[in-house]
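Beneath this line is the structure, given in structure tokens, with notes to follow.
Throughout, residue positions are numbered sequentially from 1 according to the sequence presented.
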Amino acid sequence: MSDLKYLKLLSKTYPNRTLVSNEIITLKSKLYLPKGTEYFFSDLHGESDSFIHLLRSAAGNIRDKISQLYGNTLEEDDQDDLASLIYEPEKYLRNKKDNKEITNQFYKITIYRLVELFRFISTKYQKTKVLDKIGASYKEILDELLYVNNKEFNKKIYYEKIIESIIEYKSSEEFIISICYLIQRISVDSLHIIGDIFDRGSSPQIIMDELISFDRVDFQWGNHDIEWMGAYAGNKALMSQVLCGAIQYNNFDLLEDGYGINIRSLFEFAVDVYKDDPCEIFMPRIYDENKFDRVDEKITAKMHKAMSIIRFKLEGQLINRHPEYHMDDRNVLAHIDYDKMTYKGVKLKDTNFPTINPKDPLKLTKEENQLVDLLMISFKHSQRLKRHINFLYTRGSMYKIVNSNLLFHGCIPLNEDGSFQTVTLENKKYKGKALMDKFDQIIRDAYFKKDKIKKQYALDLMWYLWAGAKSPLFGKSQFSAFENLFVDDKDLKEEKMNPYFKLSYDEKICDMIFKEFDMDAENSHIINGHVPVKKDQNPLRANGKLYVIDGGIAKHYQKKTGIAGYTLMYNSHHLAIAQHQNFNQIVDHMGSYTPKIFITEKFKQRHRIKDTDYGKKIMDKINDLEELLSAYKKGLIKEEIK
């Protein structure tokens, strides 16, 4: 029998045999409901418009449900129209009002259809779970509409009167908006983000706000997330890189309007120091225009150069502090011959370095030091960024094992022979799962540790995780930012991938990784992103055991991938990949948009809650309750009889 002390605590919640028996019956019944649908996204890179539409449409699944329910009664255009309403209810209703298309009859028909669709989608869920999703607003009304049999004569009148009252008391719009968001939420049971919310795209902050409002979401950190987390935690090299990346992609709205980061001092510094420098190699890549903070491209290039030189200095200082990183090759400013103006023997494309002292190239000037301090203060004062970073720490981790799926962003570092690569941290060697666990602890130390020395050690390692060769989140020989800007030499620019990315095509390697993480190799999958799946590649590898789901939701990668991203879906019937063909279609066509769906694994039997990790927790609770019931029967614990 379990510890009696624990059972006595449990008896506070279930003080008699009747309550225990009722709970056991409820839980055992719940085990046989179908499992909820899990959605997996990777490498969102700030593309809020596309991602939010994919999330709110359940990657096109809501449109499919509309077709299943109304395929024989509604025209395709009407089905598209209903989907558009569900995805963006406020915008849809506003347009209807502007076009004077709103009538009481419209409200009545729309409410009927939405309630019917909500009932259709939610049938596989326990009633209490559905009502929990509803929250306080209209809970009692929706409870009645969802669970009343409106075909029976007396109840039909009652049902109609509820809807008529909603319209009569001017609650139609609010009710419609509420039920639209409920349909969105009930369609996605849980959400897994396999890294890289930040960088390149213009609005990761909007993605983060959306995810914070979602009740069941987890993150497996990517190197671009770690970059922002480390910057906010106090790593100046990472802060400089964050700014370089945002400026390079013309994301001034993100910095100033999105996070309230004041870059006026950087603007003034760059214009003053590089006033006559055209900074041609630093011109921005513009995928999205700024709405609020429009900056001239030539000024942007000056700011990009100013911040890049500071970044390379700070990275060099960090590398010098840590010879154990074995990254002297990436101390790029120390490898310039300032007499010949060459880098590793290759001619530099830009030779104007007014802030670099050739005798001490890593030393910041007085003005650069002041600038870095001002920018760091601005980062730390951003309340919105603080809220987002806290959320990433609360819901995030280096990896996650859920329902026989191993989720991580980049790789498990391997040697060429397929063995796990070893990394020495604090004079101890780590590899495989132990390495991932150690890095997870270090990431948390960088944010939460009070001891200054240990915190600084962890902060520096955050930079290594961003760009180190043996980092599971990066997994390349080098980050060629300097080479891509300053030299025309393919060999110097080459970023060699960790052997994992080639070897993981082999089922045996995946099985070895499953064994390392104490997973059943026969029934498990690895799901990761990080490296875009090119046009001639398959996202499904290793005989169906590995999914790589970075399909190019970021515009920057769509020439390589030929598509606009993947969504992996795991429902009670199958695993399936949604392939999103066209970025503009996702955003512009809304209700009519449907992706290509490829079922990759169909289950012999429908997966139920009992087959999930959540089901195991329920069974553990049932076992505890059965022991409590036994304790009551034996008189070991006294019942409260009411």
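Considering only heavy atoms from C-beta on, W466 stays 4.5 Å or farther from S471 through its side chain. Using a 4.5 Å heavy-atom cutoff, the side chains of V402 and T612 are not in contact. Side chains of K108 and I167 form a contact here, defined as non-hydrogen atoms less than 4.5 Å apart. No side-chain heavy atom of T123 sits under 4.5 Å from any side-chain heavy atom of F118. Between R94 and K91, some side-chain heavy-atom pair lies under the 4.5 Å cut-off. Contact of the I111 side chain with the L114 side chain is not registered, since no non-hydrogen atoms from C-beta on lie closer than 4.5 Å. A heavy-atom distance below 4.5 Å is not found between the side chains of I526 and K545. Inter-residue side-chain proximity for I86 and L117 is flagged as met; some heavy-atom pair is nearer than 4.5 Å.
Residues R200 and Y557 have side chains that bring a donor and an acceptor to within less than 3.5 angstrom of each other. Side-chain contact check for D199 and W228: at least one donor-acceptor pair (N or O, by modelled atom type) lies under 3.5 Å. Using a 3.5 Å distance cut-off with no hydrogens or angles, the side chains of K555 and S202 do not pair a donor with an acceptor. In summary, the side chains of H580 and T567 do present a donor paired with an acceptor at a separation below 3.5 Å, with no hydrogens or angles considered. One side chain, D445 or Q441, offers a donor N or O that lies under 3.5 Å from an acceptor on the other. A donor-acceptor pair shorter than 3.5 Å can be found between the side chains of R63 and Q79. Checked by atom type, the side-chain pair R444/S397 shows no donor-acceptor distance below 3.5 Å. Residues H530 and D550 have side chains that never bring a donor and an acceptor to within less than 3.5 angstrom of each other. No side-chain donor from either of S42 and Y566 sits under 3.5 Å from a side-chain acceptor of the other. Side-chain polar atoms of Y259 and H388 form a donor-acceptor pair below 3.5 angstrom. In the model, Y6 has a side-chain atom that pairs as donor or acceptor with a side-chain atom of D624 under 3.5 Å.
Every residue meeting the ring-ring contact (aromatic ring centres under 6.0 Å, His included) condition with F40, not counting sequence neighbours, appears here in chain and number order: H192. Looking at residues two or more places apart in sequence or on another chain, you find a ring-ring contact (aromatic ring centres under 6.0 Å, His included) between Y447 and Y393. Listed by chain and residue number, nothing satisfies the ring-ring contact (aromatic ring centres under 6.0 Å, His included) test with F214 (two or more places apart in sequence, or in another chain). For the side-chain contact (heavy atoms from CB on, under 4.5 Å) test, residues two or more places apart in sequence or in another chain that qualify with F517 are Y399, I401, L406, I412, K433, M436, I513, M519.
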For residues 614-623, run the donor-acceptor check on the side chains, cut-off 3.5 Å, and write out each pair with its distance to 0.1 Å, sequence neighbours left out.
{"from": "Y614", "atom 1": "OH", "to": "K30", "atom 2": "NZ", "distance (Å)": "2.5"}
{"from": "K621", "atom 1": "NZ", "to": "Y14", "atom 2": "OH", "distance (Å)": "3.1"}
{"from": "N623", "atom 1": "ND2", "to": "M619", "atom 2": "O", "distance (Å)": "3.3"}

query = Taking it one step at a time, do E144 and Y158 satisfy side-chain hydrogen bond (donor to acceptor under 3.5 Å, both in side chains)?
reply = CA-CA 9 Å; E144 293 295 316; Y158 171 63; 2.8 Å; yes
key: Trace of the side-chain contact (heavy atoms from CB on, under 4.5 Å) decision for F175 with I177   = CA-CA 5 Å; F175 184 82; I177 291 167; over 6 Å; no
message = The test is ring pair (Phe, Tyr, Trp, His ring centres under 6.0 Å); show your working for Y87 and H53 and say whether it passes.
response = CA-CA 7 Å; Y87 303 159; H53 176 67; 5.0 Å; yes
query = Passes ring pair (Phe, Tyr, Trp, His ring centres under 6.0 Å), Y159 versus Y112? Steps please.
reply = CA-CA 10 Å; Y159 191 92; Y112 266 106; 5.7 Å; yes
request  = For the pair Y92 and D81, evaluate side-chain contact (heavy atoms from CB on, under 4.5 Å) and give the outcome as yes or no after the intermediate values.
outcome  = CA-CA 9 Å; Y92 179 95; D81 205 43; 2.5 Å; yes
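Here the straight-line distance linking atom CG of L44 with atom CD1 of I197 works out to 6.0 Å at 0.5 Å rounding. Here E47 contributes atom CD and S203 contributes atom OG; the two are 7.0 Å apart, rounded to the nearest 0.5 Å.
Here E164 pairs with K161 in a salt bridge; the nearest charged N to carboxylate O distance falls below 4.0 Å. We find that D611 and K35 are not joined by a salt bridge, their nearest charged nitrogen and carboxylate oxygen being 4.0 Å or further apart. Here E626 pairs with K28 in a salt bridge; the nearest charged N to carboxylate O distance falls below 4.0 Å.
For F219 and F41, the distance between ring centers is not under 6.0 angstrom. Under the 6.0 Å cut-off for aromatic ring centres, H525 and Y570 do not qualify, their centroids lying 6.0 Å or more apart.
The only option from D215, V217, D218 that meets the side chain to side chain contact (heavy atoms under 4.5 Å, CB included) definition with L191 turns out to be V217.
For residues 385-408, the pairs satisfying salt bridge (Lys or Arg N to Asp or Glu O under 4.0 Å) are D209-R387, with sequence neighbours left out.
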